[in-house]
Number of protein chains: 2
Amino acid sequence: MKKGRVTIKDIARELNIAPSTVSRALNDHPAIKKETKDAVKALAEALDYQPNLLALNLLQKKSNTIGVIVPEITGHFFSAIITGIQDVIVDSEYNIMICLSNESYEEELTIVKRLSKIQIDGVLVSPSSETKNFDHFRRLQKSGIPVVVFDRDCPGLEADKVLVDDYFGAFQAVEYLIGTGCKNIAHLGGPLNLSTTDHRLQGYLDALEKNNIEVNKEYIVHVPGFNHKDGIKPSKKILELKKRPDAIFAYNDNIAISAMHVAKKFGLKIPEDISIIGFDDEPHSNFITPSLSTVWQPVYSMGMLSARILLSHLNDKNTALKFRREVFKPELVIRASSR
Amino acid sequence: MKKGRVTIKDIARELNIAPSTVSRALNDHPAIKKETKDAVKALAEALDYQPNLLALNLLQKKSNTIGVIVPEITGHFFSAIITGIQDVIVDSEYNIMICLSNESYEEELTIVKRLSKIQIDGVLVSPSSETKNFDHFRRLQKSGIPVVVFDRDCPGLEADKVLVDDYFGAFQAVEYLIGTGCKNIAHLGGPLNLSTTDHRLQGYLDALEKNNIEVNKEYIVHVPGFNHKDGIKPSKKILELKKRPDAIFAYNDNIAISAMHVAKKFGLKIPEDISIIGFDDEPHSNFITPSLSTVWQPVYSMGMLSARILLSHLNDKNTALKFRREVFKPELVIRASSR
DNA sequence: AAAGGGTGGGCAAATATTTGCCCACCCTTT
DNA sequence: AAAGGGTGGGCAAATATTTGCCCACCCTTT
């Protein structure tokens, strides 16, 4: 009793019954009479018996763990999604293992190998910005592991997907800018090779076209990454243009904030001289000066829904056959950084 | 071969040897001759044999997983620490399981129970702000699981600790404010019952005392949480004081940013009318206007060191006897929000 | 008295791997 | 010829649990 944990055999020996009977008693198997069950349960309680999940895992060939693969967590976006995922999963019998790909295809590959080695039961993934080939996810699916893709799409991969209508968000933001009289609207686009980058760019382009504004190629500059520092040079590039834009629609809030930073350094007034709109609605965006207009996304809900979809597959293997595609609508939030 | 994964027995059958021999061959046991080893390894390769870690876990009574318990991850602080932890652990044979206590003692308790049920091998923890009793961590230690505490101390708990010298950081910040001529320095303190809150407050108090400035109780207001919104009311309370302070030292950057926000609403100029200094040096703090003076902490390194200490215990059970206590020095970063 | 059926629970296999112990075989030595 | 020792590898237990199959026992029925 002192050494090692209490097992089903200890209880069996004590009660002079077979381990199998203890197992059945604890699981309320009908073939066991009430007195035996009661005795077993009482002793299990008394000895503080804890079933050994490691043995169960081996028997059931599953680890009761689901993997979550995200590019990073230092920003607010993925952290909030993970919080949503966690809050759903915590009520299930599953544990979650969070893995960071650091926006690297290589690392993502390693993670997937690792997860499949520990016999993960399901995977939630937002691919790295380098990932163009999705065969590693297909391999998971082939070995029976459901995969749910969130936020960043994997074009061509058949899987459950929980996405945001980035196109719509971008279109709205740019139409709003046009509506307030901006004529020369620049776009600080996201890193290339990302569905979100493409869709936001397309929303920008279509909003211009719909309003008969000609696209100026110089007004579109893509940033190399997602952080503040990644927005500085591109912002300068745009603001140094001979025909300086009177508005910037940025890929995300971080980039929008660097654009504001640079614009101020250039002596521009926001929003009088230039309107700036971001994307994501990070918590601090409301508290900077001027407060940032941006496109809000239901991040937490996306996390929750992704997790729920995965759980539904895990609980009912049959549903794994048809994939769901859920697209959340983002919402434009106008604050002080735009006219 | 098609159904289910390849096991050691499949290889044994194919080669007409015993499974034990296959196991020894794969593990380069000296009792196996080279030819046998080569044959086994070749076939294992050919069949894409993957050892079943679930079986190994059961045998070794360990899950090869370490748990990381943090209060939240939506802020930059814990996300960056986790990134540091992850970057160290990823090179080991361990997996990490991140658990969010949501600043709740109850949830923390549930997490610990869960982790001990899945027979976690080690734990890295920053306790919730509600946690006053550390018996759940002691129980882990008693069952042989090393516990490393980071950032937020658990007073009275004997364990490895990786902390920041909050006292020193606060002292420096306040002395700097005094040095630039501020006479009435307020402190927006952190949530109560937190080692970091206590130490930063003490640094504030001692810096005042050392410079013969009397403490004004009205100048000390504690915030209820860590986010921007939690700083609004306390900031108003302080700025509405008859004798308005000429400087604020805030518990963290979020709170400092709300203070800036409120100060601007009050028509105050920063730093002319009031200096503001935060704590944490979050990435956006450099990009707001005016850029925020703050106290930088080596977050990423703290994560790495915590993970390294835990790994050292896991690799050598003997070192578990003496606990390490590492205290990082923070650094004051002066920007534009202070005179 | 034999057959039938229900109740309660035990045996042993199964999950995949490692490892202590043993043994066969062969060569060498006395 | 017997003893001794080294090499190579097999047997079976061990890890903790579940579960298919079986069986003993008892009562009832014909």
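Chain naming here is simple, since letters A, B, ... match the order of the sequence lines and numbering starts at 1 in each. Hydrogens, waters and symmetry mates play no part in the numbers below; they use all other heavy atoms, side chains included.
For B/Thr36 (side chain) and B/Ile32 (main-chain N/O), no donor-acceptor pair under 3.5 Å exists by modelled atom type. The backbone N or O of B/Asp160 lies less than 3.5 Å from no partner atom in the side chain of B/Arg324, so there is not a single donor-acceptor pair. At least one donor-acceptor pair closer than 3.5 Å links the side chain of A/Glu108 to the backbone N or O of A/Ser128. A/Gln119 contributes no side-chain N or O that, together with a main-chain N or O of A/Lys62, makes up a donor-acceptor pair within less than 3.5 Å. Remark: side-chain polar atoms of B/Ser126 are not paired, donor with acceptor, to backbone N or O of B/Asp151 under 3.5 angstrom.
Distances shorter than 4.0 Å separate some side-chain N or O of A/Asn27 from OP1 or OP2 on D/dT18. A close approach under 4.0 Å does occur between a side-chain nitrogen or oxygen of A/Lys61 and OP1 or OP2 of C/dA16. OP1 or OP2 of D/dG8 has not a single side-chain nitrogen or oxygen of B/Thr36 nearer than 4.0 Å.
When distances are taken from the side chain of A/Ala18 to each of C/dC11, C/dT18, D/dA16, the shortest belongs to C/dC11. The side chain of A/Leu58 has C/dA16 as its nearest neighbour among C/dA16, D/dT17, C/dG10. You'll find that the side chain of B/Ala55 is closest to C/dT17, out of D/dT19, C/dT15, C/dT17. The side chain of B/Leu56 approaches C/dT17 more closely than any other nucleotide in the set C/dT17, D/dG10, D/dT17.
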Note to self: Pair A/Arg139, A/Asp135 - check salt bridge (charged side-chain N to carboxylate O under 4.0 Å, His left out), show working.
What the structure shows: CA-CA 6 Å; A/Arg139 276 196 296 277; A/Asp135 287 344; 5.6 Å; no
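Counting to the nearest Å, the P atom of D/dG9 and the CG atom of B/Asp28 are 14 Å from each other. Distance, B/Lys33 NZ to D/dG8 C1': 7 Å, rounded to whole Å. Between the CD1 atom of A/Ile11 and the P atom of C/dG9 there is a distance of 15 Å, rounded to whole Å.
Residues A/Ile8 and B/Ser20 both approach DNA chain D. Their nearest nucleotides, taken by heavy-atom distance, put B/Ser20 toward the 5′ side.
The aromatic ring centres of B/Phe323 and B/His313 sit 6.0 Å or more apart.
Backbone-only contact: A/Ile17 has heavy atoms under 4.0 Å from sugar-phosphate atoms and none from a base.
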Margin query: Output the pairing pattern of DNA chain C as a dot-bracket string, 5' first, Watson-Crick or G-U wobble with both distances under 3.5 Å, | for cross-strand pairs, [ ] for crossing pairs.
Written below: ||||||||||||||||||||||||||||||
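With hydrogens and angles ignored, a donor-acceptor pair closer than 3.5 Å exists between the side chain of A/Arg24 and the base of C/dG10.
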